Amino acid sequence: MPFSSLQLNLAAVLKCGQSFRWSILPLPATEAGPTHEYRLCLRDRVVCLRQATDTLFYRAAFPDPQPPQSQLAQRDAETLAWLRDYFQLDIDLVWLYDQWSERDKVLARFRDRFTGIRVLRQDPWENVVSFICSSNNNISRITKMVQGLCNHYSPPLLSLPDPSNPSLFLPYHPFPPPSTLAQPDVSTTLRTLGFGYRAAFIQKTAKYLVDIHGSNTLIDDPSEASERWLRGLRSTSTADAREELLKLTGVGRKVADCILLMSLNKKEVVPVDTHVHQIAVKYYGMKGSSSGKTNMTPKLYEELNAKLVSIWGDYAGWAHCVMFAADLKSFADFNATPSSSPQKKSTTPKRKREDRLKDEVDCLPTPPITPGPTTLSRAAIEAASAILKGEPCDLSPETVQLSVAERVKRRRNVK
DNA sequence: TCATCACCGATA
DNA sequence: ATCGGTGATG
């Protein structure tokens, strides 16, 4: 379907720490077109996506090889409906970027470099488990843990060929339901899978949900009662939904807020972690102890949250996601394929830190001006005239190449 | 209400 | 020692 990458940047969105279950498969090199395929296993199908600048390619694979013709259209409609819901495609992200840029100079500087960063609307149950895993943890390990959990606790729905090696078939496992993870032995099993102290949290949370909200399924809906209950929090107030989430073991304020934002429709919620804290201190004049570390007290959490909401407004959670993805420029970090390719990892950790530091410099409130002769791009000229008129303008690295000398010169010419 | 600590595993 | 936290203590 026709869809601008300005509205959705798949590569970035699927790796920025929202969802941890997408397979990212490199495609055989071609002249042009998509370089990767992204796959996610749902309960009844595997969704496969590719992206070009103006097109989003989608298809779904099913277990049964030859469905009746009549099913095909129906299934396609379902997949498309799922895409719209999951990626919230009806929300105009470009318009949001515009709104934020008017209110916030900092965000304005990121807009052209980090386009298409949007909040997903995920399955709440999967979201709960994934983010219990996220405490004191990093994206690449969380990804491995979640994938390991699915592989261990749910049978493969189907297998699909690896695009870069079509004779190799990769199995796809759905996310297991609460009743499966509620079993008493899950705690120790997950521990052997490398979940550490989070293993017990997950089992306890699953058991709690099943005990309190049930595990029965409906005729036409494979999801369990507690999953439906969680989904029902979408139509509950933010405060009430948060209160419910905080009852789950392993879910504190930060994790609860992640779930509220990323699967329960609470677009104004800004999860505050130490990273966001640093962003707030650096760009938005929040106090941070000069000695380095600050304790994240509930009080401070509220202050930060309030501050960021006051800056970003109604869709603050979405704006936070852009800032987070921008700052987390470790998109080069964890490479494609989930299970296989352990070697690749060793090349990256060194670069990561450097990239980050470099990025931080780029984003300082007063960007460094590169001295020396400069060819003025059209963007730079536009920016220059905007500066002279006192208007907000694009200060992307390209634009910033405009030297100080040039700015002064142009200023004189106009006056 | 606030501060500290253990917890698990990876990395610098 | 630090990290994209939480729960249990004082």
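Just so it is clear, the model here is predicted, and its values are computed rather than measured. Proteins get letters first, then strands, A, B, ... in listed order; numbering begins at 1 in each.
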Say you pick atom P in C:dT9 and the same atom in B:dC8; how far apart are they, in whole Å?
-> 16 Å

Nearest whole angstrom, please: distance from the P of B:dT11 to the CD1 of A:I142.
-> 14 Å

Can you give the dot-bracket line for DNA chain B, using ( ) for pairs inside the strand, [ ] for pairs that cross earlier ones, | for pairs with another strand and . for unpaired bases, where Watson-Crick and G-U count if both distances are under 3.5 Å?
-> .||||||.|||.

Residue pairs fulfilling ring-ring contact (aromatic ring centres under 6.0 Å, His included) with at least one residue in residues 249-271 of chain A, sequence neighbours excluded | none

Residues which pass side-chain hydrogen bond (donor to acceptor under 3.5 Å, both in side chains) with A:E303, listed by chain and number, not counting sequence neighbours = A:K299

Rounded to whole angstroms, how far apart are CG on A:L190 and P on B:dC8?
-> 14 Å

The ring-ring contact (aromatic ring centres under 6.0 Å, His included) partners of A:F195 (sequence neighbours excluded) come to none

Atom-to-atom span, CG of A:N137 to P of B:dG9 - whole angstrom | 11 Å

State which residues pass salt bridge (charged side-chain N to carboxylate O under 4.0 Å, His left out) with A:D85; sequence neighbours excluded, sorted by chain then number.
-> A:R121

Could you pull out all residues at least two apart from A:E227 that satisfy salt bridge (charged side-chain N to carboxylate O under 4.0 Å, His left out)?
-> A:R43

Identify whether the distance between the nearest side-chain nitrogen and carboxylate oxygen of A:E37 and A:R39 falls below 4.0 Å.
-> yes

Name all residues meeting the salt bridge (charged side-chain N to carboxylate O under 4.0 Å, His left out) criterion together with A:E102; count only those two or more places apart in sequence or in a different chain, and write none if there are none.
-> none

Could you tell me the separation between the CZ atom of A:F324 and the P atom of C:dG4, rounded to a whole number of Å?
-> 8 Å

Rounded distance (Å) that lies between atom C1' of C:dC3 and atom CZ of A:R198 = 11 Å

Gap between atoms CE and C1', on A:M296 and B:dC2 respectively (whole Å) = 13 Å

Nearest-Å distance for atom pair NZ/P, residues A:K144 and B:dA10 | 8 Å

To the nearest angstrom, the CZ-C1' distance between A:R141 and B:dT11 comes to 11 Å

Please tabulate, one pair per line, each protein N/O and nucleotide N/O from nucleotides 6-9 of chain C that are separated by under 3.5 Å, including the distance.
residue, atom, partner, partner atom, Å
C:dT6, OP1, A:G252, N, 2.9
C:dT6, OP1, A:G252, O, 3.3
C:dT6, OP1, A:V255, N, 3.0
C:dG7, OP1, A:G250, N, 2.6

Sequence neighbours left out, what passes salt bridge (charged side-chain N to carboxylate O under 4.0 Å, His left out) with A:K207? Give chain and number order.
-> A:D211

On the 0 to 90° scale, with breaks at 30° and 60°, tag the A:W22-A:F87 ring pair as parallel, tilted or perpendicular.
-> tilted

